[in-house]
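Atoms within a ligand are numbered from 1 in the order they appear, just like the ligands themselves.
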Amino acid sequence: MNVQPAISFDNTETAFAYKDNAALKKARFLFSSMGIGPLVKLGTKITPWAIRAGLPVKGIIRNTIFKQFVGGESLNETAEVASKLGEYGVQVILDYGVEGGDYGEEGFTRVIDYAATQPNIPFMSVKVTGIARFGLLEKLDQSVELHAGTLRQAQDGSLMKRFDKAMEALTDEERAEWQRVYNRMQHICREAAEKNIGVLIDAEESWIQDPVDVLTIKMMEQFNRTRAVVYNTLQLYRHDRLAFLKDSYEAARLRNFILGAKLVRGAYMEKERRRAEDMNYPSPIQPDKAASDRDYNLAIEFCVENIEQIAFIIASHNEYSNLYTTQLLRGKKWSLYHPHVHFSQLYGMSDNITFNLAGAGCAVSKYLPFGPIKDVIPYLMRRAQENSSVSGQTGRELALIRKEMKRRGLQ
Ligand SMILES: Cc1cc2nc3c(=O)[nH]c(=O)nc-3n(C[C@H](O)[C@H](O)[C@H](O)COP(=O)(O)OP(=O)(O)OC[C@H]3O[C@@H](n4cnc5c(N)ncnc54)[C@H](O)[C@@H]3O)c2cc1C
């Protein structure tokens, strides 16, 4: 009998093989600093202001947090990191790290054209807020909400129908603006389909998500006929997303396309809860971490059970969720390298998961943002906040780095 070895995420030699001693020490310094809550609080307040004010802080940022979490300031600068990851069987998802601006589709198509020339860049990510005005998305989302319940809650079409109704609330100008957003996204997805690059559409705040979902489903219907080109992102920290996954699957079945689903827990929890409280509506977020974990793992099970129709990405640093996916696949006696399964972690985090999954033969990537320092600041501030609790991710990262330093005799 062919018994496959268990996958372990404790192997720090594999995890950090790509980091030399100096890089490892730098990472330890950074994660130790991020473990100091008041420092992170101050930093996340001051840094965006300092950048706007033109203070000379870019050098410090570039050599510390930027280097840890970002591939470079330009597309070409990512080449070095991508090729290094490639040496260890790790792929790359290029993330054009601009947020909240109208950047047009040219930036994204340039990324696609570049990715197509590289051996280990199968995907790129898109934020709809990079090609659409936030206010327009917000208005559409609100209007979709208003129509909730007034139309039949059928699995297929309820969101789409509410959306069509919501369009009626727009002015002629806004409708034309939405059409331009649609055309841009179509242009990006067509280019990606032709170049054989996958497009991952990020999930952002819940109050703009409905139009993002509609746009993504429309793109999947066009481009995912025979293979997954376009992927939606589902945030399982929202209590309605497991049901939405099932609805999306029904839509895919009925309309005959492959559902692309990138599964995340979600990055905007505090902001979501605060807004819900301030504006006095029920929070869309799960009551506790255990509920997010439960729905996340149920979503994995659902995707595995329907793998013919769903191509999915486990985008997570949670060891259990990653391991559980491999166990489900092995339980089915399928290869871990299934064309509909991909794993991904953010660049600069959870190397123990990424490199050990690669070693076990999984298709796994690092999500690699790039962009001018001033544009990636919101992304960096989120990473700093996420890593600011010693009991959470920072604790895990530090413990692993220290273990590897000890193994190398560095402390
Ligand atoms: C490749 C990749 C792509 C990503 N893309 C996106 C994206 O498009 N949109 C996006 O929003 N995020 C995205 N993220 C970030 C992701 O949503 C999470 O913030 C991050 O990965 C931490 O969750 P985790 O699954 O790694 O694991 P864990 O560390 O196990 O979980 C932490 C997460 O659990 C949830 N959580 C924590 N405490 C509670 C609580 N009290 N109640 C309820 N839930 C709680 C939160 O979502 C928190 O981030 C991405 C992450 C990766 C790795």
Chemist: Out of curiosity, Asp295 CG to Leu242 CG, how far, rounded to the nearest 0.5 Å?
Modeler: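 The CG atom of Leu242 is 5.0 Å from CG of Asp295, to the nearest 0.5 Å.
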
Chemist: Mind checking whether Tyr268 contacts ligand 1 via backbone (N, CA, C, O), side chain (CB onward), both or neither, at a 4.0 Å heavy-atom cut-off?
Modeler: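 The side chain, only.
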
Chemist: Could a heavy atom of Arg396 be found less than 4.0 Å from some atom of ligand 1?
Modeler: yes

Chemist: Which one of Arg265, Glu270, Gln235, Gln286 has a non-hydrogen atom at the shortest distance from atom 33 (C) of ligand 1?
Modeler: Arg265

Chemist: Pick, from Arg382, His342, Lys262, Lys289, the option with the minimum heavy-atom distance to atom 40 (C) of ligand 1.
Modeler: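 Minimum heavy-atom distance to atom 40 (C) of ligand 1 goes to Lys289.
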
Chemist: Using a 4.0 Å heavy-atom cut-off, say whether Met349 meets ligand 1 through its side chain, its backbone, both or neither.
Modeler: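 Under 4.0 Å from ligand 1, Met349 contributes no heavy atoms.
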
Chemist: Which ligand 1 atoms, with their elements, are less than 4.0 angstrom from a heavy-atom of Ala267?
Modeler: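 Going through ligand 1 atom by atom, the ones under 4.0 Å from Ala267 are 10 (C), 11 (O), 12 (N), 17 (O), 19 (O).
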
Chemist: Tell me which pairs pass ring pair (Phe, Tyr, Trp, His ring centres under 6.0 Å) where either residue lies in residues 272-316, with sequence neighbours left out.
Modeler: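 Only Tyr249-Phe302 qualify under ring pair (Phe, Tyr, Trp, His ring centres under 6.0 Å).
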
Chemist: Of all residues at least two apart in sequence or in a different chain, which pass the side chain to side chain donor-acceptor pair (under 3.5 Å) check with Arg175?
Modeler: Asp172

Chemist: Less than 6.0 angstrom from the centroid, inside 45 degrees of the normal: does Arg383 satisfy that with respect to the ring of Tyr379?
Modeler: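 Output yes; distance and angle both within limits.
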
Chemist: Counting from 1, what ligand 1 atoms have a heavy atom of Asn318 closer than 4.0 Å?
Modeler: 26 (O), 27 (O), 30 (O)

Chemist: Do any nitrogen or oxygen atoms of Ser316 lie less than 3.5 angstrom from nitrogen or oxygen atoms of ligand 1?
Modeler: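 Yes, there is a polar N/O contact under 3.5 Å.
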
Chemist: Do any N/O atoms on Ile285 end up under 3.5 angstrom from N/O atoms on ligand 1?
Modeler: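 N/O-N/O distance under 3.5 Å: no.
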
Chemist: With distance as the sole criterion, is a donor-acceptor pair present between the side chains of Ser365 and His342 under 3.5 Å?
Modeler: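 A pair is found: one side chain offers a donor N or O, the other an acceptor, under 3.5 Å apart.
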
Chemist: Distance under 4.0 Å to a non-hydrogen atom of Ala203: what atoms of ligand 1 satisfy this?
Modeler: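 Answer for ligand 1: 7 (C), 8 (O), 9 (N), 10 (C), 11 (O).
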
Chemist: Do Asn11 and Asn352 meet the criterion of a side-chain donor-acceptor pair at a distance under 3.5 Å?
Modeler: no

Chemist: With a distance cut-off below 6.0 Å to the six-membered ring centre and an angular limit of 45° from the axis, does Arg255 pair with Phe257 as a cation-pi contact?
Modeler: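 Here Arg255 fails the 6.0 Å and 45° test against Phe257.
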
Chemist: Quick check: Ser344 and ligand 1, any N/O pair under 3.5 Å apart?
Modeler: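 It does not: no N or O of Ser344 is found under 3.5 Å from an N or O of ligand 1.
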
Chemist: Any heavy atom of Lys366 sitting closer than 4.0 Å to ligand 1?
Modeler: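 For ligand 1, residue contact (heavy atoms, under 4.0 Å) with Lys366 is absent.
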
Chemist: Ion pair present between Glu404 and Arg408, side-chain N to carboxylate O less than 4.0 angstrom?
Modeler: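 Answer for the salt bridge query: yes.
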
Chemist: Is it the side chain, the backbone, both or neither of Met269 that has a heavy atom closer than 4.0 Å to ligand 1?
Modeler: side chain

Chemist: Judged by modelled atom types alone, do Ser316 and Ser321 share a side-chain donor-acceptor pair under 3.5 Å?
Modeler: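 On atom types as modelled, these side chains do not qualify, holding no pair under 3.5 Å.
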
Chemist: Heavy-atom distances under 4.0 Å decide this one: backbone, side chain, both or neither, for Glu205 against ligand 1?
Modeler: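 No part of Glu205 comes within reach of ligand 1.
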
Chemist: Show me which atoms of ligand 1 lie under 4.0 Å from any heavy atom of Leu346.
Modeler: 2 (C), 51 (C), 52 (C), 53 (C)

Chemist: The test is salt bridge (Lys or Arg N to Asp or Glu O under 4.0 Å); show your working for Lys332 and Glu305 and say whether it passes.
Modeler: CA-CA 10 Å; Lys332 299 268 186 200; Glu305 284 309 318; 3.0 Å; yes

Chemist: Report, in ascending order of atom number, the atoms of ligand 1 lying under 4.0 Å from any heavy atom of Asp202.
Modeler: 8 (O)

Chemist: For ligand 1, is there an N or O atom under 3.5 Å from any N or O atom of Tyr237?
Modeler: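 There is no such contact.
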
Chemist: Check each heavy atom of Glu204 against ligand 1 and say whether those closer than 4.0 Å belong to the side chain, the backbone, both or neither.
Modeler: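 Near ligand 1, Glu204 shows nothing, with every heavy atom at 4.0 Å or more.
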
Chemist: Can you tell if the side chain of Leu159 reaches within under 4.5 Å of the side chain of Asp247, non-hydrogen atoms only?
Modeler: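 Leu159 vs Asp247: side chains apart.
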
Chemist: Determine whether the side chains of Glu204 and Gln209 contain a donor N or O and an acceptor N or O closer than 3.5 Å.
Modeler: no

Chemist: Can you tell me which portion of Thr233 lies within the under-4.0 Å heavy-atom range of ligand 1? Options are side chain, backbone, both, or neither.
Modeler: side chain

Chemist: Just heavy atoms, cut-off under 4.0 Å: does Ser292 contact ligand 1 by side chain, backbone, both, or neither?
Modeler: side chain

